[in-house]
Amino acid sequence: MGHGTNRVEDMSSPNNGTAGAGETVVEIHTVCLPPKKTAFQKLKKRVADVFFPDDPLQRFRNQTWRNRVILGLQSLFPIFTWASQYDLKLFRSDVVSGLTIASLAIPQGISYAKLANLPPIVGLYSSFVPPLIYAVLGSSRHLAVGPVSIASLVMGSMLSESVSPTQDSILYLKLAFTSTFFAGVFQASLGLLRLGFMIDFLSKATLVGFTAGAAVIVSLQQLKGLLGIVHFTGKMQFIPVMSSVFNHRSEWSWETIVMGVGFLSILLTTRHISMRKPKLFWISAASPLASVIISTLLVYLIRSKTHAISFIGHLPKGLNPPSLNMLYFSGAHLALAIKTGIITGILSLTEGIAVGRTFASLKNYQVNGNKEMMAIGFMNMAGSCTSCYVTTGSFSRSAVNYNAGAKTAVSNIVMASAVLVTLLFLMPLFYYTPNVILAAIILTAVIGLIDYQAAYKLWKVDKFDFFTCLCSFFGVLFVSVPLGLAIAVGVSVIKILLHVTRPNTLEFGNIPGTQIYQSLGRYREASRIPGFLILAIESPIYFANSTYLQDRILRWTREEETRIKEINGTTLKCIILDMTAVSAIDTSGLEAVFELRRRLEKQSLQLVLVNPVGTVMEKLHKSKIIEALGLSGLYLTVGEAVADLSSTWKAHGQP
């Protein structure tokens, strides 16, 4: 019996369905309904599971008011969790790591700002204010904050499609700051509303292809600086960029090429050494700044002999000027600013959280995703008001920070302090810094974004994910950066829809000598049970797939009856559906189950359900489907169903 009191039946081995000597006694268990809950209790649990899986209020329980206030401050400002234990030893480690990443952040900040078509000084501004805010609000001890290549590229490509950064530089700057503001609002909102799962639509496959494609585009864009080309396309697609390179061969400068290739070789060599021997991390960390200093001296010394090598020129000294008055909240380009902000916000958020969690796992501590979203969001909102553009955690700087021995977020404060000194006193020293060295620094940084090993793993493990990766890669390369990302996300959504609307169904068989039932296609030793067709559904049953599942099960039935006729086997009597993996069902699914039972009944076939989970069982009971199936229509395991039904058929003299 499937739905009622427990009982013990004498039954044969489920492989032959006949009783005899050596009968085994199998207990038939009741399939129970879940405990009764009110609609409010169910809603409360569902909301908690969706939005509060980490139970953030758990540590506030059974605490005094004083402790709750302290815990609340620590929750809002993670700096309070470690500030009381901070000592001189930790400070020494953070000073070393902070100065180390500053040597990398200063040249990268200038370089990435040019990648976003912004004045170089904005890159340094963005390496000063945001790290200070993150040090107070962020939960990662090793995340080094500042401008990053991908967000810079996306912002530059999206904004420059509508506004020229040279002909209308003020409007372009306003849109960059406004996009940063909206990126921050979007990021902080995701954290506050605990909607971080939305960024999960950027799958690993999408990001691998997107970052590789963006890295190639960024690298090709740097040919302008490496070759000394003056008139270069502002487009970001492969064909226009390469056409521009070869159409302006007359502008190529051999002095620039020699300097660029020389310093690029040095930077790539030091990067390779640090990758092979992590203890020598300081070599690759110091090489960008050292290259800037040496190249600046070279250009200064030969300035009277050649004018072929272009350089940065004047950079203003002083702290970040306020830019609140430059935020653009009305006008024809507002939609562009919002769109750019959301896309760059998603990308920078994904990168920042992924980097933070990577290094947290190495040191066995936890990074709170929602806190990180709020920290990065508020950081960008504040940055937009202080002449900064989109910033997040950089993998290259964070790796240097980790290897340099950073202990807390104070390393970001030290880095910001070094940038502050640079802004106040050292800006005139960058006057003769050649643009070619900035191109070489960017090239060295983005080469590491081309993860061919991850792409090969996708090919080996999941061909559809590899296809998604290729769509993202070629979309960025040949269409555009934002559209390439949109294409990849679209392919990922199609994959999800295929999984939802066309779920997997399997035919099960018995592994001889056991009560275990597994896939016939997977286990060669598994065998069919005469008179039974045992199927497993591996997804929820929703309106989107209920009709498909009904048709698929009926097709399984027809194919099984055809197979039986061909071998003159035992007549098919029962269809068993293993619902262990059916995590949910809606009203359309219930209708499909009811209709399936009716259609099978017309063919003199019995439908049996096995092990529906609690919520599914409750809905089956309320919809009267359990009642329609009868006492022998519901079992806890496939083995019990086969054994009990076989015994019942034998008792009634059926073969």
Side-chain angles (χ1 to χ4, degrees), residues 103-104 106-115 117 120 123 149 152-153 156 166 215-234 236 238 240-276 280 282-315 396 426-450:
S103 68
L104 185 62
I106 291 169
Q108 280 191 351
I110 296 172
S111 304
Y112 291 157
K114 289 182 72 65
L115 189 60
N117 299 318
S149 57
S152 301
L153 170 70
T166 53
V216 172
I217 290 295
V218 170
S219 301
L220 294 176
Q221 278 283 334
Q222 302 321 302
L223 292 176
K224 173 187 178 182
L226 284 174
L227 300 176
I229 299 174
V230 179
H231 303 92
F232 198 74
T233 181
M236 293 289 179
F238 178 83
V241 169
M242 294 308 297
S243 297
S244 183
V245 168
F246 290 105
N247 289 338
H248 295 93
R249 290 193 299 274
S250 59
E251 296 182 8
W252 291 12
S253 164
W254 69 266
E255 297 99 326
T256 304
I257 294 172
V258 169
M259 179 176 282
V261 171
F263 279 103
L264 181 60
S265 301
I266 293 170
L267 290 168
L268 290 175
T269 301
T270 56
R271 179 178 180 272
H272 180 71
I273 291 171
S274 296
M275 288 180 64
R276 294 290 298 271
L280 298 177
W282 56 271
I283 295 178
S284 64
S287 59
L289 186 59
S291 299
V292 166
I293 294 171
I294 295 170
S295 63
T296 302
L297 284 172
L298 283 173
V299 171
Y300 177 76
L301 293 173
I302 64 173
R303 69 188 186 283
S304 60
K305 297 179 181 179
T306 179
H307 299 285
I309 302 176
S310 64
F311 46 84
I312 292 176
H314 174 71
L315 293 176
S396 59
L426 305 180
M427 296 315 298
L429 299 179
F430 292 97
Y431 186 92
Y432 287 104
T433 299
N435 287 312
V436 64
I437 196 64
L438 303 181
I441 290 171
I442 292 174
L443 263 172
T444 306
V446 300
I447 281 175
L449 297 177
I450 304 175

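Note: hydrogens, waters and symmetry copies are ignored here, and every other heavy atom, side chains too, is used.
Closest approach of S287 to L267, counting heavy atoms only: OG-CD2, 3.6 Å. In terms of heavy atoms, F430 sits closest to I312 at O-CB, 3.9 Å. Shortest non-hydrogen contact noted between G260 and V436 is CA-CG2, 3.4 Å. Here the closest non-hydrogen pair linking P288 and L104 is CG-CD1, 3.4 Å. In plain terms, the two heavy atoms of S295 and V292 that are nearest each other are OG-O, 3.1 Å. Pairing each heavy atom of G448 with each of R271, the nearest pair is CA-NH2, 3.0 Å.
For the atom pair CG of L315 and CG of L429, the computed distance is 10.5 Å after rounding to the nearest 0.5 Å. Distance check, rounded to the nearest 0.5 Å: CG of N247 to CE of M242 gives 10.5 Å. The structure places CD of Q108 at 7.5 Å from CD1 of I441, a figure rounded to the nearest 0.5 Å. Note that CD1 of I110 is 11.5 Å distant from CD1 of I437, once rounded to the nearest 0.5 Å. Residue E251 holds its CD atom at 11.5 Å from OG1 of T256, rounded to the nearest 0.5 Å. Here the CD1 atom belonging to I273 is positioned 7.5 Å from the CG atom belonging to L280, to the nearest 0.5 angstrom.
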Using a 3.5 Å cut-off and no angle test, enumerate the donor-acceptor pairs between side-chain atoms of residues 216-226 and protein atoms at least two apart in sequence or in another chain.
from: S219; atom 1: OG; to: A215; atom 2: O; distance (Å): 2.7
from: Q221; atom 1: NE2; to: K235; atom 2: O; distance (Å): 2.7
from: Q222; atom 1: NE2; to: V218; atom 2: O; distance (Å): 3.1

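Using a 4.5 Å heavy-atom cutoff, the side chains of F263 and I294 are in contact. Side-chain contact between K114 and I442 is absent, with no heavy-atom pair separated by less than 4.5 Å. No side-chain heavy atom of Y432 sits less than 4.5 Å from a side-chain heavy atom of I302. Taking the side chain as every heavy atom from C-beta outward, L449 and S149 approach each other to under 4.5 Å.
Remark: side-chain polar atoms of H248 are paired, donor with acceptor, to backbone N or O of S244 under 3.5 angstrom. A donor-acceptor contact shorter than 3.5 Å links the side chain of S103 to the backbone of A285. Of the possible donor and acceptor atoms, one in the side chain of S111 sits under 3.5 Å from a partner among the backbone N and O of P107.
Ring geometry for Y431 versus F311: interplanar angle of 30 to 60°, hence tilted.
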*Applying side chain to side chain contact (heavy atoms under 4.5 Å, CB included), run through I447 and L268 and close with a yes or a no.*
CA-CA 9 Å; I447 281 175; L268 290 175; 3.7 Å; yes

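Within a 6.0 Å sphere centred on CH2 of W282, other residues, nucleotides and ligands contribute 12 heavy atoms or fewer. No more than 12 heavy atoms of other residues, nucleotides or ligands shown are found within 6.0 angstrom of CE on M275.
For the residue pair S284/T270, the side-chain donor-acceptor check at 3.5 Å is not satisfied.
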